[in-house]
Amino acid sequence: MIGKCSQCLMRVNGYPHVRTCITPVEDGMIVEYEEGHDAELPLPTKEMLVKREDLEYDIAVIGAGPAGLSAALEASSMGARVLVMDQSPVPGGQLVKQTHKFFGTKETFAGMRGFEIAKMLTDKLKERENVDVMPSTQVIGYFKREGSLAAFRTEGLGRYTLLRIRARSIIVATGAMERSLVFPGNDLPGVMGAGAAQTLMNVFGIRPANEPLIIGAGNVGVIVAYQAVQAGIRVKAVIDIAKKSAAYLVHSSKIRRMGIPILMRHTIREAYGKGRVEGATIYKVDDNYRPIKGSEVDIEVDGVWLAVGLTPSIEVLELMEAGIKFVPELGGYVPMRHRNLETTVPGVFVAGDASCIEEASTAMMEGRVAGIAAAMRAGLGGDEHVKKMKETIRWLDEFRSSPHYRRIREGLFKVTLEGGAS
Ligand SMILES: Cc1cc2nc3c(=O)[nH]c(=O)nc-3n(C[C@H](O)[C@H](O)[C@H](O)COP(=O)(O)OP(=O)(O)OC[C@H]3O[C@@H](n4cnc5c(N)ncnc54)[C@H](O)[C@@H]3O)c2cc1C
């Protein structure tokens with residue numbers, strides 16, 4: 001339910017492979033399952049209408065989450081002509097479903113709710129004549145020789161515009177996707193990513209379960225548990241195989257006070273039920289993460305929500321043949337980058353969860369760094385912008401200097417290249 005995987009591909013009004021989780025529903029729509037592995041590649045029953053357009057900008061931003069929107073604001077305030085593309089119909093990235101108030105500092109809009117921040121940043125961009133925000137537009141290719149992007153904009157079912165975008169600098173702010181877990185019954189309806197539960201509850205006002213089990217007691221797991229309670233849902237438990245919760249204490253204490261048990265050193269054996277989740281078996285692990293015999297417990301639940309970590313979405317950077325390294329501390333495969341967030345491909349920058357799994361506040365600050373640096377690469381700006389970029393990098397360094405971010409610091413040390421901060 002965040003537009004990142006292939007689990008929701010269905011045939012809609014005869015058109016194959018429609019990503020239903022980011023396709024607005026319409027009256028009378030016919031939504032069908034596609035067949036399994038042996039099926040023929042389905043052909044559209046109606047003729048598709050495909051147009052073509054060539055576009056040229058100073059800066060192309062891929063992804064309109066907090067990182068991409070912040071990057072576009074900085075670059076456009078330096079006079080750059082900016083295009084911001086997002087595959088979702090609504091800009092804002094993951095912020096659109098975050099109903100809790102952010103804490104932190106004034107630079108990252110402490111006290112505002114996530115969806116309010118998304119709207120404020122988008123509204124500011126829409127006021128600017130040198131910025132185009134293009135929703136429902138997915139970047140699917142990169143032409144290396146001319147450094148241009150290929151994308152397609154969906155204007156309705158079967159109506160697409162293929163775009164070739166030339167830009168002097170590109171900012172990849174494609175975010176992250178949720179990880180899953182392998183266990184019997186993980187394909188039952190009712191098993192979903194915590195992000196999907198968040199989307200259903202907070203964007204569409206739909207209760208995805210009445211009594212779910214949440215797996216993962218990190219920030220996403222405990223925040224979703226809190227939001228579930230606000231939506232009138234009785235969370236049975238939050239379980240986590242780790243010894244200690246990785247969530248901020250303020251979040252986990254809040255849900256403990258609400259009476260939701262957080263069971264550390266616990267994981268799921270299976271989910272079961274006829275046609276949908278009706279229960280789950282959980283068990284305890286020892287210091288070496290081996291199951292403790294006899295610790296299995298059956299719990300009656302009608303949903304299992306997985307909040308077991310995120311993986312950076314780096315597909316576009318892979319197409320560009322950017323230098324990539326596996327750094328578990330940052331969430332998996334991530335691009336090598338200079339301090340100004342330029343990757344090993346000259347003129348291509350990265351920001352936010354695509355660079356390192358962290359949080360919305362750091363995504364915004366990284367977006368600002370990438371926005372300034374990309375505009376400078378495009379020949380804009382002056383000394384005051386170098387100063388601003390360095391100050392923003394210093395803010396990030398200070399933010400990450402707390403013991404909570406030790407792993408992030410260690411990870412960044414492994415992928416940060418020399419130079420590039422000017
Ligand atoms: C499921 C989930 C739940 C989260 N919940 C919380 C929470 O409750 N509280 C909290 O503080 N933080 C939460 N976070 C973390 C926080 O939201 C992120 O750190 C932050 O949103 C990262 O910002 P971003 O701009 O890098 O990425 P995102 O906000 O993910 O934005 C990336 C955007 O890029 C678009 N995109 C990706 N690929 C393409 C492409 N090829 N073409 C066009 N567009 C593309 C996506 O549609 C998306 O809109 C959550 C993250 C996730 C993934």
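In each ligand, atom 1 is the first atom listed, and ligand 1 is the first ligand listed. Bear in mind that the values here come from a model prediction, so they are computed numbers and not experimental data.
Per-residue contacts place T174 under 4.0 angstrom from the following atoms of ligand 1 (heavy atoms of the residue considered): 32 (C), 34 (O), 37 (C), 38 (N), 39 (C). Taking a cut-off of under 4.0 Å to the non-hydrogen atoms of A173, the atoms of ligand 1 that pass are 32 (C), 33 (C), 34 (O). In the vicinity of S88, heavy-atom distances shorter than 4.0 Å reach the ligand 1 atoms 47 (O). Which parts of ligand 1 touch I62 is read off a 4.0 Å heavy-atom cut-off, strictly below it: atoms 40 (C), 42 (N), 43 (C). Within the listing of ligand 1, atoms 1 (C) sit less than 4.0 angstrom from a heavy atom of G195. The G352 neighbourhood of ligand 1 comprises atoms 26 (O), with distances under 4.0 Å to a heavy atom of that residue. Applying the 4.0 Å criterion to heavy atoms of D353 picks out, from ligand 1, the atoms 18 (C), 19 (O), 20 (C), 22 (C), 26 (O). Within ligand 1, counting atoms from 1 as listed, the ones closer than 4.0 Å to a heavy atom of E359 are 19 (O).
D54 has a carboxylate O that lies under 4.0 Å from a charged side-chain N of R164, or vice versa, which qualifies the two as a salt bridge. Note on D397 versus R339: salt bridge recorded, some NZ/NE/NH1/NH2 to OD/OE distance being below 4.0 Å. At a threshold of 4.0 Å, the pair E329-K414 counts as salt-bridged, since one of the basic side-chain nitrogens sits closer than that to a carboxylate oxygen. The pair R234-E211 meets the salt-bridge criterion, since a charged nitrogen lies less than 4.0 angstrom from a carboxylate oxygen.
Inspection of the R377 and S169 side chains reveals no N or O donor paired with an N or O acceptor under 3.5 Å.
Under the 6.0 Å cut-off for aromatic ring centres, F109 and F102 do not qualify, their centroids lying 6.0 Å or more apart.
The closest non-hydrogen atom to atom 24 (P) of ligand 1, taken over A64, P66, G93, comes from P66. Counting only non-hydrogen atoms, the option in M1, M134, Q198 that gets closest to atom 8 (O) of ligand 1 is Q198.
Within the structure, the closest approach of T137 to ligand 1 falls below 4.0 Å when heavy atoms are considered. Distances shorter than 4.0 angstrom occur between a heavy atom of A360 and an atom of ligand 1.
Only the side chain of L310 comes within contact range of ligand 1, with a heavy atom under 4.0 Å; no backbone atom does. Counting heavy atoms under 4.0 Å from ligand 1, residue K4 touches it through the side chain alone. Only side-chain heavy atoms of I223 come within less than 4.0 Å of ligand 1; its backbone N, CA, C and O stay farther off. Of the heavy atoms in E315, none comes closer than 4.0 Å to ligand 1. With a heavy-atom cut-off of 4.0 Å, A363 touches ligand 1 through its side chain alone. Contact annotation for H100 and ligand 1: only side-chain heavy atoms (C-beta onward) come within less than 4.0 Å of the ligand. Under 4.0 angstrom from ligand 1, the non-hydrogen atoms of Q98 all belong to its side chain.
Of the possible polar contacts, none joining the H251 side chain to the L249 backbone as a donor-acceptor pair under 3.5 Å is found. Panel note: side chain R81, backbone Y57; no donor-acceptor pair is recorded below 3.5 Å.
R400 pairs with exactly one of E359, E410, E366 by the salt bridge (Lys or Arg N to Asp or Glu O under 4.0 Å) rule, that one being E366.
Environment of CD in E53: crowded, with over 12 heavy atoms of neighbouring residues, nucleotides or ligands closer than 6.0 Å. Within 6.0 Å of NZ in K119 there are 12 or fewer heavy atoms belonging to other residues, nucleotides or ligands.
With Y283 as the aromatic partner, R269 meets the cation-pi criteria of under 6.0 angstrom to the ring centre and within 45 degrees of the ring axis.
Closest to atom 41 (N) of ligand 1, if we only count protein heavy atoms, is V139 O, 3.2 Å. Looking at atom 27 (O) of ligand 1, its nearest protein heavy atom turns out to be G175 CA, 3.3 Å.
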